[in-house]
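Comments concern the structure below.
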Protein chains: 2
Amino acid sequence: MPLHFVLTATCNSKYPKGSNFYNMVLTHTEENYLKAIFKISEEDGNETATTNAISAEMNTAAASVTDMLRRLSDKKLINYEKYKGVTLTKEGKSVATALIRKHRLWEFFLVEKLHFDWDEIHDIAEQLEHVNSPELVTRLNDYLGNPRFDPHGDPIPDENGNMPVREQVSLLRLKPGEVGKLTGLRNNSDQLMKYLKKNSIGIGTKITILEHHEFDESLSVKIDDKQEMGLSNKVSKNLLVQTE
Amino acid sequence: MPLHFVLTATCNSKYPKGSNFYNMVLTHTEENYLKAIFKISEEDGNETATTNAISAEMNTAAASVTDMLRRLSDKKLINYEKYKGVTLTKEGKSVATALIRKHRLWEFFLVEKLHFDWDEIHDIAEQLEHVNSPELVTRLNDYLGNPRFDPHGDPIPDENGNMPVREQVSLLRLKPGEVGKLTGLRNNSDQLMKYLKKNSIGIGTKITILEHHEFDESLSVKIDDKQEMGLSNKVSKNLLVQTE
DNA sequence: ATTTATTTTTAGATTAATCTAAAAATATAT
DNA sequence: ATATATTTTTAGATTAATCTAAAAATAAAT
Ligand SMILES: [Mn+2]
Ligand SMILES: [Mn+2]
Ligand SMILES: [Mn+2]
Ligand SMILES: [Mn+2]
């Protein structure tokens, strides 16, 4: 019998004594803020991450963000001037990419080894990414065969934080007759993933353009030389493919 | 069973909506206290876990323990009466064994798949055990082949919290000529593990008793039909073996 | 250039988890 | 049984992380 619970819990870790700049132990929360700032900064057009953008990304009140920005600034993880928005420092960026590396390695593990589907892994990886053990990351990476892309096609940063880059365009840009191999999604929405899964479309799937429909800008396509189907404009726009 | 209580909890990570009594979301700290209480209760002779025992196990001030006991009691995870010490409720015990299950499954993973040594895994498992995903535990268990004992020889509780039991005696109890297979340690001290590793002794190692030395109650033994060596009383006492 | 709207910060509270110091309860020893 | 020692609880503070409401700064519109 489902009762209505309001659940609040803080997942605090302790600060070990003797932590210095380079082995600073951050709280899960601080780590999540850094990831959010990184994500916002990556979004095209964003010079700096604003308080409101972070507030939206983190689902917290703007006032809470301001609080945290002061703290992250004190720790030299961000460059912060009141009212100006923030950027990550070198150190902050390094923390953020290390988190993303862990997140995506764990996602790869969950799909490759534990046979989860790509729409089931994100929330688990959100937890696993906070496990702090450099040796674990190294061994996990080796165990997985040093993968370069996660199950959503997102690049996995290497030990130094460098992301592999890849040429990919929206499926919408291909002309009839052209073929694209699905390499990523523009946004990793669960609904989109479930929809694609239902239609046997996943990373690596070969998609051939049959026709562009002017009226609603949708596509007719052929999937892996098997079924033909229509793809709405909204779906096609979100599919990133490599040609040839 | 009608459970009427409203509990308030925050977690930085999203907490599942529709939580009920049986999938209550606890903080890492609350989970660690439950594990500590479980551990103390398992130690022979301990009817209840006292505030000081918990304080020692958790490395926190006794006053902090009292605080937490009130909280855990409010959540019906422990039976608590002031000055009387505590026991786990059925629910509390179930949370604790689920944690131990996760801890030991992850330790098994770290050794079997990532090739860590048995003295390197505990701290990482301490973190991994708090990852909350029943599906993950199920799949991890299947992936590992439903192991019954962890790399230290400790039993892994099954889905229902039942621990496999095993006959094992201290090596000291064997008579000269008898053979024991190492199945566990009385306490998982890092120093002991490192010492054994250095002498090629691990779980499964065959140990033949050559001689008991009266003077210091030490042993002469043969390891896996290979090297002969002495084992101090303190070491032998901590080695648990199966005979035959 | 003012006014209005939006964004951001400050102020003031709350909760979990911790601490130290003091008080109260229980256990041990004389 | 009284005194002493130990254990446990209470009292009072602190810090991280959050909130709402109000003030201040910046941006947009008239
Ligand atoms: Mn993800
Ligand atoms: Mn991903
Ligand atoms: Mn362990
Ligand atoms: Mn173990």
Side-chain angles (χ1 to χ4, degrees), chain A residues 5-17 19 24-37 40 45-75 77-87 130, chain B residues 5-15 24-37 40 46-75 77-87 130:
Chain A
F5 275 68
V6 184
L7 293 166
T8 355
T10 13
C11 305
N12 289 338
S13 11
K14 298 190 215 180
Y15 288 84
K17 336 202 175 260
S19 39
M24 200 185 319
V25 173
L26 303 174
T27 64
H28 288 195
T29 309
E30 289 169 327
E31 291 188 336
N32 286 333
Y33 272 95
L34 291 175
K35 262 205 320 171
I37 294 166
I40 293 162
N46 286 335
E47 245 295 291
T48 67
T50 65
T51 300
N52 260 4
I54 298 166
S55 152
E57 180 69 31
M58 294 288 298
N59 267 297
T60 50
S64 309
V65 174
T66 303
D67 247 31
M68 180 56 91
L69 294 185
R70 246 200 38 257
R71 212 153 340 114
L72 293 174
S73 180
D74 288 348
K75 295 189 177 181
L77 294 162
I78 60 173
N79 305 115
Y80 173 49
E81 264 186 286
K82 278 204 232 173
Y83 296 103
K84 299 284 186 182
V86 298
T87 56
H130 297 290
Chain B
F5 71 85
V6 178
L7 75 91
T8 348
T10 359
C11 200
N12 324 339
S13 39
K14 313 284 143 172
Y15 35 86
M24 200 185 322
V25 173
L26 303 174
T27 64
H28 289 195
T29 309
E30 290 170 327
E31 291 188 335
N32 285 334
Y33 272 95
L34 291 175
K35 262 204 322 169
I37 294 166
I40 293 162
N46 286 335
E47 245 295 291
T48 66
T50 65
T51 300
N52 261 4
I54 298 165
S55 152
E57 180 68 30
M58 293 290 296
N59 268 297
T60 50
S64 308
V65 174
T66 303
D67 247 30
M68 181 56 90
L69 294 185
R70 246 201 38 258
R71 212 154 338 116
L72 293 174
S73 180
D74 288 349
K75 294 187 178 181
L77 294 163
I78 60 173
N79 305 114
Y80 174 48
E81 264 186 286
K82 276 202 232 175
Y83 296 102
K84 300 282 187 184
V86 299
T87 56
H130 296 291

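Values reported hereafter were calculated over all heavy atoms of this structure, with side chains retained and with hydrogens, waters and symmetry mates removed. Numbered from 1 within each chain, the chains take letters A, B, ... in sequence-line order. Predicted model only: the values in this text are computed from it and were never measured.
Here B/Tyr80 reaches the OP1 or OP2 of D/dT9: one of its side-chain N or O atoms lies under 4.0 Å away. At C/dT9, one or more side-chain N or O atoms of A/Thr66 fall inside 4.0 Å of OP1 or OP2 (strictly under the cut-off). Taking side-chain N and O atoms only, B/Asn52 has no distance below 4.0 Å to OP1 or OP2 of D/dT6.
B/Glu81 has its CD atom 21 Å from the P atom of C/dA24, to the nearest Å. Remark: C1' of C/dC19 and CG of B/Asp67 are 10 Å apart, rounded to the nearest angstrom. Atom CZ of A/Arg70 and atom P of D/dT15 are 12 Å apart (whole Å). When the P atom of D/dT10 is taken as reference, atom CE of B/Met68 falls 16 Å away, rounded to whole Å. Atom P of nucleotide D/dA16 and atom NE2 of B/His28 are separated by 19 Å, given to the nearest angstrom. Distance CD1 (B/Ile40) to P (D/dT7): 14 Å, rounded to an integer number of Å. As rounded to whole Å, 13 Å separates atom C1' of C/dA11 from atom NZ of A/Lys82. The CG atom of A/Leu72 sits 12 Å away from the C1' atom of D/dA17 (whole-angstrom rounding).
Nearest to the side chain of A/Thr50, among C/dT8, C/dC19, C/dT18, sits C/dT8. The side chain of A/Ala61 has D/dC19 as its nearest neighbour among C/dT9, D/dA11, D/dC19. For B/Thr51, counting side-chain heavy atoms from C-beta on, the closest listed nucleotide (D/dA17, D/dT20, D/dT8) is D/dT8. Among the nucleotides C/dC19, C/dT10, D/dT18, the one closest to any side-chain atom of B/Thr60 is C/dC19. Looking at the side chain of B/Tyr83, the nearest of the listed nucleotides D/dT8, D/dA21, D/dT18 is D/dT8.
Between A/Lys84 and A/Ala62, the one whose closest nucleotide on DNA chain D sits nearer the 5' end is A/Ala62.
In terms of modelled atom types and a separation under 3.5 Å, the side chain of B/Ser55 and the main chain of B/Thr60 share a donor-acceptor contact.
Across all strands, B/Ser64 comes closer than 4.0 Å to base atoms (heavy-atom distances).
Between B/Lys75 and B/Glu30, at least one side-chain nitrogen of the basic residue sits less than 4.0 Å from a carboxylate oxygen of the acidic one, meeting the salt-bridge criterion.
Aromatic rings of B/His28 and A/His28 (six-membered ring for Trp) have centroids within the 6.0 Å cut-off, being under it.
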task: Show your reasoning for whether side chain to side chain contact (heavy atoms under 4.5 Å, CB included) applies to A/Glu47 and A/Thr87.
output: CA-CA 8 Å; A/Glu47 245 295 291; A/Thr87 56; 5.6 Å; no
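The only option from A/Leu77, A/Val86, A/Leu26 that meets the side-chain contact (heavy atoms from CB on, under 4.5 Å) definition with A/Leu72 turns out to be A/Leu77.
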